[in-house]
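Worksheet: the structure to be examined is printed underneath.
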Amino acid sequence: MRDAYHEELDSIGEGLVEMARLVGSAVGRATTAILDADLKLAENVIAADEKVDDLQRALEARAITLLARQQPVATDLRIVVTSLRMSADLERSGDLAQHVAKLARLRFPQTAVPRDLHATILEMGQLAQRLMAKAGEVIITKDVDLALQLEQDDDAMDMLHRTLFQHLMDDRWQHGIETAVDVTLLGRYYERFADHAVSVAKRVVYLVTGEHADEIAPPTATAVDGA
């Protein structure tokens with residue numbers, strides 16, 4: 001019985017890793033769709049979000065079953081409860097990637113992003129994907145130092161977000177109100193996606209240490225690869 005119990009705990013962790021992989025891929029593909037006005041790719045991203053939702057529902061069902069049948073305590077209880085919260089972060093990340101793809105579909109055959117902002121949006125999309133990959137690695141390794149670095153890595157996304165607003169507020173903006181709204185939404189989607197990746201990492205810190213990440217001194221800053 002105990003072996004089956006721990007196998008169930010392990011399967012919850014594996015489900016979280018798979019969710020992180022899927023939503024990381026989704027935000028990367030959605031970024032390509034929005035920049036290239038690729039309707040087929042956008043539709044694929046939108047449809048694929050159902051798999052993320054299915055994984056979350058399955059993970060929740062396993063967690064609830066464990067809570068009801070095994071009544072875990074101490075560390076095991078922390079694993080189950082924290083995993084439920086991480087799955088919610090990951091599911092919401094998938095929704096945000098889907099929002100990017102839906103905007104690409106809405107503006108097809110045009111692109112929602114002006115040519116002079118392509119590089120910034122591309123960088124935001126790539127950074128979002130790297131942050132989620134790092135969050136997935138944290139889930140696997142339970143590396144507290146790596147988890148704490150994510151919040152510092154997220155500073156780069158905040159800087160890119162501010163860059164977008166600088167363009168929007170510039171008197172030389174010539175792309176109209178509709179495009180300004182699109183760009184504002186995109187910036188928010190990527191910024192929130194990154195926040196969820198950081199939240200996942202923080203929850204791993206709590207899972208391992210029993211302390212909240214904000215109560216622990218951060219490690220020496222290390223940039224995300226390629227950032």
Side-chain angles (χ1 to χ4, degrees), residues 18-57 88-136 153-154 156-200 224-227:
E18 178 64 4
M19 287 181 73
R21 185 190 69 79
L22 288 173
V23 301
S25 173
V27 78
R29 291 182 296 122
T31 301
T32 299
I34 197 88
L35 294 177
D36 294 350
D38 188 329
L39 180 61
K40 182 177 180 180
L41 183 57
E43 295 285 10
N44 287 342
V45 173
I46 293 165
D49 188 56
E50 184 62 29
K51 185 172 183 180
V52 176
D53 294 341
D54 288 344
L55 277 169
Q56 188 199 22
R57 286 191 286 266
D89 279 314
L90 293 168
E91 189 275 335
R92 183 57 185 148
S93 298
D95 288 344
L96 291 163
Q98 187 185 58
H99 291 341
V100 174
K102 285 182 175 179
L103 186 56
R105 181 175 66 182
L106 179 65
R107 298 303 176 213
F108 181 82
Q110 305 302 318
T111 177
V113 182
R115 178 60 58 181
D116 55 330
L117 289 180
H118 270 219
T120 302
I121 293 297
L122 177 61
E123 191 173 355
M124 292 182 86
Q126 291 175 339
L127 179 57
Q129 190 168 9
R130 291 197 300 272
L131 285 167
M132 190 55 72
K134 199 166 186 177
D153 296 336
D154 183 49
M157 184 66 81
D158 293 336
M159 290 179 63
L160 289 167
H161 197 203
R162 286 193 293 272
T163 296
L164 283 184
F165 273 95
Q166 289 169 359
H167 281 277
L168 291 168
M169 299 302 292
D170 195 313
D171 292 338
R172 293 169 293 178
W173 178 264
Q174 298 178 348
H175 305 296
I177 294 175
E178 182 177 86
T179 300
V181 172
D182 289 345
V183 170
T184 299
L185 288 173
L186 281 173
R188 182 61 173 163
Y189 297 154
Y190 288 118
E191 188 263 342
R192 288 298 297 144
F193 187 100
D195 285 347
H196 284 295
V198 172
S199 180
V200 167
V224 180
D225 292 343

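Side chains included, hydrogens not; waters and symmetry mates left out as well; all remaining heavy atoms used.
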Scanning both residues in full, the closest heavy-atom pair of Gln129 with Ser25 reads NE2-CA, 4.0 Å
In short, Val200 meets Ala135 closest at the heavy-atom pair CG1-CB, 4.2 Å
Looking only at heavy atoms, the pair that brings Asp38 and Leu41 closest together is OD1-N, 3.0 Å
Spatial distance of atom CD1 (Ile46) from atom CZ (Arg105) [nearest 0.5 Å] = 3.5 Å
Are a donor atom and an acceptor atom from the side chains of His175 and Asp116 found within less than 3.5 Å of each other?
-> yes
Shortest non-hydrogen pair, Arg107 vs Ala112, comes out as CG-CB, 3.8 Å
Rounded to the nearest 0.5 Å, the CD atom of Glu191 sits from the OH atom of Tyr189 at a distance of 13.0 Å
Quick one: does Glu123's side chain get under 4.5 Å of Thr120's, heavy atoms only?
-> no
Spacing of OG1 belonging to Thr179 relative to CD belonging to Gln110, to within rounding of 0.5 Å | 9.5 Å
Value for OH (Tyr190) from CG (Leu131), rounded to nearest 0.5 Å, stands at 13.0 Å
Could you tell me which non-hydrogen atom of Ala101 sits nearest to which non-hydrogen atom of Ala30, and how far apart they are?
-> N-CB, 4.0 Å
Are the side chain of Thr111 and the backbone of Ile34 linked by a donor-acceptor contact shorter than 3.5 Å?
-> yes
Where do Ser199 and Asp89 come nearest, in terms of heavy atoms and distance?
-> OG-OD2, 2.9 Å
Lys/Arg-Asp/Glu bridge criterion (N-O < 4.0 Å) met for Arg57, Asp54 = yes
Rounded distance (nearest 0.5 Å) linking atom CE of Met157 with atom OG1 of Thr163 | 11.5 Å
Ion pair present between Arg21 and Glu18, side-chain N to carboxylate O less than 4.0 angstrom?
-> yes
